Amino acid sequence: MSEPLDRSTIWPYDEQGELRDFYYQRFGSPTVAAAEAALGELDGGTALLFPSGAGATTALVLSLLEPGDTIALSGGGYYGTGVTFAALAPWGLRVLEFDQTGPPPEEVQLVWVEAPSNPYLTMPNLEATAAHPAPVVVDATVATPVHLRPLEHGADFVLHSATKYLAGHDDALLGAVVCRDDAAAEKLRTFRGQTGIVAAPDPAWLMLRGLKTLEVRVRRQTETAAFLAGRLRAHPAVETVRYPGLGGLLSFDVADAETARRVETSTRVIVNASSLGGVTTLIESRRRWEGERVPPGLLRISAGLEDPTALWTDLEQALA
Ligand SMILES: *Cc1c(COP(=O)(O)O)cnc(C)c1O
């Protein structure tokens with residue numbers, strides 16, 4: 001019923017002294033492999049796990065690109081992805097931001113979009129993206145395979161921060177890349193073993209358990225987010241509400257940074273913390289992380305599994 005959790009770093013060779021499937025944890029381990037198989041099935045490709053979403057991002061671009069190559073990156077997407085790429089700039093990685101609702105710029109070696117983007121909540125134009133000659137990565141952390149299977153829309157790789165919905169309980173840091181092509185997956189697996197950017201068994205086991213309830217969690221979180229988005233749209237203190245109609249994440253603007261700070265520190269049920277995709281509803285002003293990149297009054301909410309009416313009552317009193 002429950003998969004075993006194997007923390008071994010080593011497994012013996014066979015009777016002839018030859019390698020078995022598993023021999024040293026950096027090159028693969030049974031619990032990680034079981035979690036990869038489960039996620040691969042959900043996304044329709046070959047999954048590989050990494051120590052975090054950012055680790056997965058780093059491993060993927062370092063294995064695919066060369067110094068001087070440029071990534072077309074969706075503007076207004078996850079702030080940390082741009083930070084990771086900036087950290088790799090001394091090694092010759094270049095980035096060109098673009099509006100992902102239209103076609104990516106030509107003359108780039110990799111296209112990176114987000115479905116939907118965090119915190120602007122736009123959906124990428126997957127048709128225009130798939131028509132680009134460069135490999136395409138879709139960060140589908142927020143959509144999850146419940147709402148979107150990017151490999152069926154021409155993507156070459158799906159990236160997940162499994163820390164979010166896939167593990168789903170704010171207790172595991174983990175990342176994943178799901179590959180459409182077997183050869184690409186083998187290349188990335190080899191690179192992962194060589195560089196040591198590999199997931200440990202414990203978070204992989206937590207993701208395996210999280211996946212068992214993924215669909216019911218995400219469907220409920222989507223209903224709650226849609227409900228909150230509707231209520232927020234009708235509230236006089238709220239300016240813009242961003243919600244793409246799928247997933248548990250939404251953002252909205254209040255008048256200014258000071259008001260946003262007051263709202264996020266006045267909730268009683270909703271927790272004032274970063275991250276998303278867990279069972280607890282979270283709110284935070286993104287200004288503290290993203291600076292000028294976002295409106296000063298932008299608040300992001302990740303819907304959890306609490307009673308939606310109780311969440312709205314809480315938000316309403318905080319807005320007041
Ligand atoms: C959190 C997040 C990441 C980074 O994942 P970590 O597990 O925190 O390293 C990447 N993309 C998106 C959309 C995220 O929300």
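Order of listing sets the numbers, starting from 1, for every ligand and every atom in it. Every value quoted in this text rests on a predicted model; they were computed, and no experiment measured them.
A salt bridge links Asp202 with Arg7; the closest basic N to acidic carboxylate O contact falls under 4.0 Å. Looking at Arg287 and Glu264, no side-chain N of the basic residue comes within less than 4.0 Å of a carboxylate O on the acidic one, giving no salt bridge.
Protein heavy atom closest to atom 5 (O) of ligand 1, with residue, atom name and distance, is Ser161 OG, 3.0 Å. The shortest contact between atom 2 (C) of ligand 1 and any protein heavy atom is with Lys164 NZ, 2.5 Å. At the shortest separation from atom 6 (P) of ligand 1 among protein heavy atoms lies Gly53 N, 3.3 Å. Scanning the protein for heavy atoms near atom 9 (O) of ligand 1, the closest one is Ala54 N, 2.8 Å. Among all protein heavy atoms, the one lying closest to atom 12 (C) of ligand 1 is Asp139 OD2, 3.4 Å. Of the protein's non-hydrogen atoms, the one nearest atom 3 (C) of ligand 1 is Tyr78 CE2, 3.3 Å.
Of the residues Leu42, Asp156, Asp43, the one that meets the side chain to side chain contact (heavy atoms under 4.5 Å, CB included) test with Val178 is Asp43.
If you number the atoms of ligand 1 from 1 as listed, the ones under 4.0 Å from a heavy atom of Leu276 come out as 15 (O). Against a heavy-atom cut-off of under 4.0 Å, Asn118 is close to the following atoms of ligand 1: 15 (O). Taking every heavy atom of Thr163 and a limit of under 4.0 angstrom, the matching atoms of ligand 1 come to 7 (O).
At least one test fails for Lys187 against the ring of Phe157: distance under 6.0 Å to the centre or angle within 45° of the axis. A cation-pi arrangement is absent between Arg217 and Tyr165 under the rule of less than 6.0 angstrom and at most 45 degrees off the ring axis.
Aromatic pair Trp112/Phe85: centroids less than 6.0 angstrom apart.
Between Thr81 and ligand 1, a contact under 3.5 Å exists for no N or O pair.
Residue Val142 places no heavy atom under 4.0 Å from ligand 1.
Remark: side-chain polar atoms of Thr141 are paired, donor with acceptor, to backbone N or O of Ser161 under 3.5 angstrom. Side chain of Thr213 to backbone of Gly210: a donor-acceptor contact under 3.5 angstrom is found.
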